[in-house]
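Below is one structure; the comments refer to it alone.
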Amino acid sequence: MILRSLECRFLTIALCDAAEPWQLGFQDAATPMMQGIIDLHHDIFFFLILILVFVLWMLVRALWHFNEQTNPIPQRIVHGTTIEIIWTIFPSVILLFIAIPSFALLYSMDGVLVDPAITIKAIGHQWYWTYEYSDYNSSDEQSLTFDSYMIPEDDLELGQLRLLEVDNRVVVPAKTHLRMIVTSADVLHSWAVPSLGVKCDAVPGRLNLTSILVQREGVYYGQCSEICGTNHAFMPIVVEAVTLKDYADWVSNQLILQTN
């Protein structure tokens, strides 16, 4: 029982779409972008393990062979052309193998590469988020806009996550290309959802763009990732991906509620 408790405490791997205590791994990827980040991490980690094993082997071999008892008279080597060429070219090749997938991933993350079906604008405030579904704004009187505040700990229901639940979630359709426009109304913020592979700075007076393709239905949690004042820790983000039919019903209900 004690062993199981220690295992759960220190070896917790995130298998859901929210952070877990003592988390060691990534959250489950819900977008191709996040899957690419995880794959790149694993690829780089492979090279790190190779380098670690090689350096440790060289250190142990040097300590084992080059000591006073084995070689009382040390050999003086000033230059070694061959080894100098090897230790210059070999790291360059490793960096090349790392750089190629890195550039491809950065290019896919930069801007909007596919025409989006839906555009959502996230505006950061001290200390809450405002969301605007720009595609449904027929006039100033009728627009799909709402604020999203964190639910206080005293008002949480059973199963809700502390410091992560909000009163109004961002509802999006799954398997649909989305465009997120992120800005701020006061200070610097950052709209970040780990499972979606998104971390976009909210800068006053500037519009930053990012694209999202949620591949599965679910609820994804994030937080503001830029220190923005006293209540920086109380700006959670909740994105709920639903079917296209459920999304259409939600939009209709929201428009009716805001019209009334």
Original post:
Would you say the side-chain atoms of W127 pair up with the backbone N or O of C228, donor to acceptor, closer than 3.5 Å?
Top reply: yes

Original post:
To the nearest 0.5 Å, how far apart are CG in D39 and CE in M34?
Top reply: 10.0 Å

**OP:** Could you tell me whether the side chain of D167 and the main chain of Y149 form a donor-acceptor pair under 3.5 Å?
**Re:** yes

Subject >> T88 (side chain) donor-acceptor with I86 (main chain) under 3.5 angstrom >> reply: no

Original post:
Backbone N or O of C200 within a donor-acceptor pair of the N208 side chain at under 3.5 Å?
Top reply: no

Subject >> E165 side chain to L161 backbone, donor-acceptor under 3.5 Å >> reply: yes

Subject >> Atom pair OG/CG of S252 and L144 - distance to nearest 0.5 Å >> reply: 10.0 Å

Original post:
Would V182 end up clustered with V238 when hydrophobic side chains under 4.5 Å apart are linked, directly or stepwise?
Top reply: no

Original post:
So do the side chains of T243 and E217 get within less than 4.5 Å of each other, counting heavy atoms only?
Top reply: yes

**OP:** Kindly indicate whether the side chain of I118, heavy atoms from C-beta on, has any atom under 4.5 Å from the side chain of V172.
**Re:** no

Original post:
Is there a side-chain contact between K199 and S190, using heavy atoms and a 4.5 Å cut-off?
Top reply: yes

Original post:
Does L213 belong to the same Ile/Leu/Val/Met/Phe/Trp/Tyr cluster as L196, with side-chain heavy atoms less than 4.5 Å apart forming each link?
Top reply: no

Original post:
When rounded to the nearest 0.5 angstrom, what is the spacing between CD1 in I181 and OH in Y131?
Top reply: 14.0 Å

Subject >> Residues forming a salt bridge (Lys or Arg N to Asp or Glu O under 4.0 Å) with E240, sequence neighbours excluded >> reply: R169

Subject >> Spacing of I212 atom CD1 and Y220 atom OH [to the nearest 0.5 Å] >> reply: 11.0 Å

Subject >> From CD (E226) to CG (D201), nearest 0.5 Å >> reply: 5.5 Å

Subject >> Validation row: I123, T183 side chains within 4.5 angstrom (heavy atoms) >> reply: yes

**OP:** Work out which heavy atom in P173 is nearest to a heavy atom in L178; give both atom names and the distance.
**Re:** CD-CD2, 4.1 Å

**OP:** I would like to know whether W129 and H189 meet side-chain contact (heavy atoms from CB on, under 4.5 Å); could you show each step before the answer?
**Re:** CA-CA 10 Å; W129 294 96; H189 300 279; 3.9 Å; yes

**OP:** Measure the shortest side-chain to side-chain distance between Y128 and N168 over non-hydrogen atoms and say whether it is less than 4.5 angstrom.
**Re:** no

Original post:
Would you call Q223 and H232 a side-chain contact if the rule is heavy atoms closer than 4.5 Å?
Top reply: no

Original post:
Are the aromatic ring centres of H42 and F46 under 6.0 angstrom apart?
Top reply: no

**OP:** With rounding to the nearest 0.5 Å, note down the distance linking CG in D249 to CD in Q254.
**Re:** 12.0 Å

Subject >> S102 vs L40 side-chain heavy atoms within contact, under 4.5 Å >> reply: yes

Original post:
Any idea which heavy atoms bring D186 and Q126 closest together, and the distance?
Top reply: OD2-N, 2.8 Å

Original post:
Is V251 close to Y136 at the side-chain level, that is, under 4.5 Å between some pair of heavy atoms?
Top reply: yes

